[in-house]
Amino acid sequence: MERYLLCAVLCLLGLGFMRTEAFEVTVKDESKTTCIYASMQVNFAVQYDTNNGTKRNTTFAAPDNVTTDGSRCGSSGVDPLLVVNFGNNHSWSVNFTSDSTVYRIGVIVFTYNTNDSTLFPDAKEKGLLTAVKSINDSIPMNTTYVCIHEEVLTTENVVQVYRNVTLLPYGQDAKKEFHCSADTPTPQPPTTHPVTTANVTVSPAPTTKPVDKPSIGHYNISRGNETCLLASMGLQLNATLLIDGKRVWTPININPNSTVSSGICSNGSALLRLSDSGATVVEFYFSIKEKNFYLKEVNVTLTNGSGISYITNSNLSLWEASMGYSYLCHKEQLITVSEDLSINTFDVRVQPFNVQNATYAIAEDCFADQNFTVPIVVGAALGVLVVLVMVAYFIGRRNRRSAGYEHF
């Protein structure tokens with residue numbers, strides 16, 4: 001891959017997709033029964049030649065308003081095909097094959113139109129160009145393919161970045177999920193991946209936190225026409241940023257008024273992505289263990305004049321509550337993402353699974369919110385009562401003995 005295109009891809013990844021559109025489509029057969037379901041976010045980075053002999057790159061996303069003209073459910077001897085059309089004659093497609101036990105994601109074909117002068121200004125070669133990538137991933141039948149984390153496909157002159165992918169062909173009645181390898185990473189300590197580097201000095205962090213408390217934002221994610229994730233919280237990032245050649249401790253409050261939420265819901269995992277003006281992106285990845293859900297991973301993308309940093313901690317076990325309930329914590333909490341970044345959370349309430357009628361279920365309070373005053377008072381009162389009973393017992397026993405001595 002050309003170095004120029006590589007820089008574009010690094011920026012695309014570091015900015016957390018730069019745009020948050022996600023398309024959701026269904027393909028139906030003649031009886032109006034769904035045979036293919038798909039939802040995903042896709043970003044493209046394309047390098048092309050210009051008329052003056054230089055190379056130029058362009059990055060863009062598949063929007064949420066797409067069509068599926070050209071798609072088919074498949075029949076005997078004909079594979080199912082999903083075609084997604086968008087923009088100025090651009091398209092993306094994937095075919096599926098199957099046998100009695102598995103189905104396969106076959107070949108992905110991305111077609112882009114260099115006659116689109118908005119995306120390809122001064123392009124030397126005009127017309128429809130294609131990038132083809134064979135996948136051949138095998139998924140058990142009656143299982144939904146899910147990939148929440150980033151997957152990158154690279155072909156000559158084109159890089160495709162996928163996230164929040166859900167695929168289900170053949171009109172299956174899926175009860176289980178098959179997750180891509182990116183969704184099950186090997187546990188590792190928090191890491192920071194700066195896109196740019198420089199010789200810097202470190203300024204010590206102040207000993208006090210900023211006075212301003214962040215505003216509480218209310219967010220929801222939908223799957224189809226139903227709300228599948230609810231969240232409300234105030235977020236304050238405390239980061240060490242590169243400013244004028246120095247690493248300076250900087251507080252960043254997430255502003256709900258300029259924050260766009262997106263994400264994905266599935267049976268075993270969920271993602272909430274909050275993008276504040278595109279410069280600060282915070283992702284919360286929830287999972288399930290036994291009968292509880294919990295916050296498993298936090299990813300943060302920070303963009304300033306000195307570059308882009310992607311910080312992640314995928315080894316968390318926070319915000320745990322029983323399935324069918326919501327998690328609630330009014331007290332301030334601290335999430336340590338890395339040595340250079342932490343997140344203070346305020347008035348958190350989340351329910352990433354089993355949302356009914358777009359309404360929170362009964363809340364399970366966090367440990368910090370639990371009021372131990374009453375149990376302590378009751379315990380102390382019981383303790384005093386026990387002491388009084390014991391004292392009365394010994395006094396009574398002593399009086400009986402004295403009375404016995406007087407009798408003799």
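Values reported hereafter were calculated over all heavy atoms of this structure, with side chains retained and with hydrogens, waters and symmetry mates removed.
No side-chain N or O of His90 forms a donor-acceptor pair with one of Asn85 less than 3.5 Å apart. Judged by distance alone, the side chains of Asn57 and Gln47 never bring a donor and an acceptor atom under 3.5 Å apart. Side-chain N/O atoms of Asn299 and Glu297 include a donor and acceptor closer than 3.5 Å. Looking only at atom types and distance, the side chain of Thr227 has no donor-acceptor partner in the side chain of Asn220 under 3.5 Å away. Residues Asn255 and Asp276 bring no donor and acceptor atom of their side chains to less than 3.5 Å of each other.
When side chains are defined from C-beta on, Asn238 counts as touching Trp249, because their heavy atoms get closer than 4.5 Å. Between Ile108 and Gln160 there is a side-chain heavy-atom pair separated by less than 4.5 Å. Within the 4.5 Å cutoff, side-chain heavy atoms of Ile254 are placed close to those of Leu237. Asn267 is not listed as a side-chain neighbour of Thr144, based on a closest heavy-atom distance of 4.5 Å or more. The shortest side-chain heavy-atom distance between Thr312 and Val337 does not fall under the 4.5 Å cut-off. Inter-residue side-chain proximity for Cys73 and Val27 is flagged as met; some heavy-atom pair is nearer than 4.5 Å. Taking 4.5 Å as the limit, some side-chain heavy atom of Phe23 sits within range of a side-chain heavy atom of Met40. Contact check for Ile335 versus Trp319: side-chain heavy atoms found under the 4.5 Å cut-off.
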Please walk me through it: do Phe286 and Ser269 pass side-chain contact (heavy atoms from CB on, under 4.5 Å)?
CA-CA 6 Å; Phe286 298 91; Ser269 57; over 6 Å; no

For side chain to side chain donor-acceptor pair (under 3.5 Å), just list the numbers for Tyr37 and Glu24, CA-CA rounded to whole Å, side-chain angles, deciding distance to a tenth of an Å, and then say yes or no.
CA-CA 8 Å; Tyr37 171 85; Glu24 181 180 33; 2.4 Å; yes

Criterion side-chain contact (heavy atoms from CB on, under 4.5 Å) on Thr50 and Lys124, from CA distance to verdict
CA-CA 5 Å; Thr50 63; Lys124 180 179 179 180; 5.8 Å; no

Check against side-chain contact (heavy atoms from CB on, under 4.5 Å), Asn354 and Met323
CA-CA 7 Å; Asn354 303 128; Met323 294 292 290; 3.1 Å; yes

Apply salt bridge (charged side-chain N to carboxylate O under 4.0 Å, His left out) to the pair Lys289 and Glu320, showing each step before the final yes or no.
CA-CA 10 Å; Lys289 56 181 177 183; Glu320 184 170 344; 3.6 Å; yes

Dump the intermediate steps for side chain to side chain donor-acceptor pair (under 3.5 Å) on Ser232 and Arg349, then the final yes or no.
CA-CA 5 Å; Ser232 60; Arg349 189 169 189 180; over 6 Å; no

side-chain contact (heavy atoms from CB on, under 4.5 Å) between Asp340 and Ile311, worked out
CA-CA 9 Å; Asp340 294 329; Ile311 309 101; over 6 Å; no

Given Asn88 and Asn115, is the side chain to side chain donor-acceptor pair (under 3.5 Å) satisfied, shown in steps?
CA-CA 8 Å; Asn88 188 355; Asn115 285 313; over 6 Å; no

Using the rule given for side chain to side chain donor-acceptor pair (under 3.5 Å), can you reason through Thr101 versus Asp99, listing the C-alpha separation, both sets of side-chain angles and the distance that settles it, and then say yes or no?
CA-CA 6 Å; Thr101 59; Asp99 56 33; 3.2 Å; yes

Given the rule in the salt bridge (charged side-chain N to carboxylate O under 4.0 Å, His left out) test, do Glu283 and Arg163 qualify, once you have shown the distances and angles that lead to the verdict?
CA-CA 12 Å; Glu283 296 176 328; Arg163 193 154 197 174; 2.8 Å; yes

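Between Tyr285 and His149, the gap from one ring centroid to the other is short of 6.0 Å. Between Tyr325 and Phe293, a ring centre-to-centre spacing not shorter than 6.0 Å is recorded.
In this structure, CD on Gln236 lies 8.5 Å from OG on Ser342, to the nearest 0.5 angstrom. Interatomic distance, Ser91 OG to Leu128 CG, rounded to the nearest 0.5 Å: 7.5 Å. Annotation: the span from Cys366 atom SG to Gln333 atom CD amounts to 5.0 Å, rounded to 0.5 Å. The structure places OH of Tyr170 at 3.5 Å from OG of Ser98, a figure rounded to the nearest 0.5 Å. Considering CD of Gln172 and CD1 of Ile36, their distance stands at 11.0 Å, rounded to 0.5 Å. Remark: Leu81 CG to Ser93 OG distance equals 5.5 Å, nearest 0.5 Å.
The shortest non-hydrogen separation linking Phe96 to Pro169 is CD2-CG, 3.6 Å. When every heavy atom of Phe86 is checked against every heavy atom of Val66, the shortest pair comes out as CB-CG1, 3.9 Å. Listed here is the closest heavy atom pair of Ala131 and Thr155: CB-OG1, 3.4 Å. Here the shortest heavy-atom pairing between Tyr48 and Thr58 reads CE2-CG2, 4.2 Å. In terms of heavy-atom proximity, Asn95 sits nearest to Asp79 at ND2-OD2, 3.9 Å. Residues Asn253 and Lys213 approach most closely at ND2-C, 4.1 Å, considering heavy atoms.
Side-chain atoms of Arg223 come within 3.5 Å of backbone atoms of Cys265 as a donor-acceptor pair (strictly under, hydrogens ignored). Between the Tyr103 side chain and the Thr143 main chain, a donor and an acceptor come within less than 3.5 Å of each other. Judged by distance alone, the side chain of Thr166 and the main-chain N or O of Ala38 form no donor-acceptor pair under 3.5 Å. At least one donor-acceptor pair under 3.5 Å links the side chain of Thr359 to the backbone N or O of Asn357. A distance-only check finds a donor-acceptor pair linking the side chain of Thr250 to the backbone of Val248 [under 3.5 Å]. Of the possible polar contacts, none joining the Gln351 side chain to the Gln356 backbone as a donor-acceptor pair under 3.5 Å is found. Counting only distance, with no hydrogens or angles, the side chain of Glu125 and the backbone of Thr114 share no donor-acceptor pair below 3.5 Å.
When Leu235, Leu229, Leu271 are each tested for a side chain to side chain contact (heavy atoms under 4.5 Å, CB included) with Phe284, only one passes: Leu235.
Taking 4.0 Å as the cut-off between side-chain N and carboxylate O, Asp137 and Arg104 do not count as a salt-bridged pair.
Taking the six-membered ring where the residue is Trp, Phe120 and Phe60 present perpendicular rings, their angle passing 60° and hence far from 30°.
Counted within 6.0 Å of OH on Tyr360, heavy atoms from surrounding residues, nucleotides or ligands total more than 12; the atom is thus considered enclosed. Annotation for Lys126: atom NZ counts as buried by contact number, over 12 foreign heavy atoms lying within 6.0 Å. For CG of Leu334, the number of neighbouring non-hydrogen atoms (other residues, nucleotides, ligands) closer than 6.0 Å is greater than 12.
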